[in-house]
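Here's the structure we're looking at; comments come further down.
Quick note: numbers below take in every heavy atom, side chains included, and nothing from hydrogens, waters or symmetry partners.
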Amino acid sequence: MDRGEWSLPVIFETEKLGVYLTISSTAEAARVLLEHWPMDRGKALKRAKAACLLVLQGKSDAEIAREAFLKAAAEADVSVRP
């Protein structure tokens, strides 16, 4: 399966203080959105999940998923370093 590698990684701060994850692919982003996201709902979150799915199915570009992930992070007020 194509993991949808990103041109630039995103550093994501988890809910645990001082614990960061480096996300460098759509597959990793999808896992974070499903397992570590602080919100269950949100328009940007829904779009990011859909964008990740399209990339993992080979129907979209990984950079679209990266941008959607960053928008979901802004919506959730999650600290990221793009």
Show every donor-acceptor pair shorter than 3.5 Å between a side-chain atom in residues 52-62 and any protein atom, with sequence neighbours excluded, or say none if there are none.
residue	atom	partner	partner atom	Å
D61	OD2	E63	N	3.0

Let me check something: any side-chain donor-acceptor pairs from residues 40-48 under 3.5 Å, sequence neighbours excluded? List them with distances.
none

If you look only at distance, which donor and acceptor atoms sit under 3.5 Å apart when one is on a side chain in residues 8-24 and the other is two or more places apart or in another chain?
residue	atom	partner	partner atom	Å
T14	OG1	K16	N	3.3
T14	OG1	K16	O	3.3
T14	OG1	V19	O	3.0
S24	OG	E28	OE1	3.3

W37: partners by side chain to side chain donor-acceptor pair (under 3.5 Å), with sequence neighbours left out: none
All side chain to side chain donor-acceptor pair (under 3.5 Å) counterparts of E75, not counting sequence neighbours: none
Residues clustering with L34 (ILVMFWY side chains joined when closer than 4.5 Å, directly or via others): none
Joint cluster assignment, I64 & L70, ILVMFWY side-chain distance < 4.5 Å: no
Worked verdict on V32 versus F69 for side chain to side chain contact (heavy atoms under 4.5 Å, CB included): CA-CA 10 Å; V32 168; F69 181 87; 4.2 Å; yes
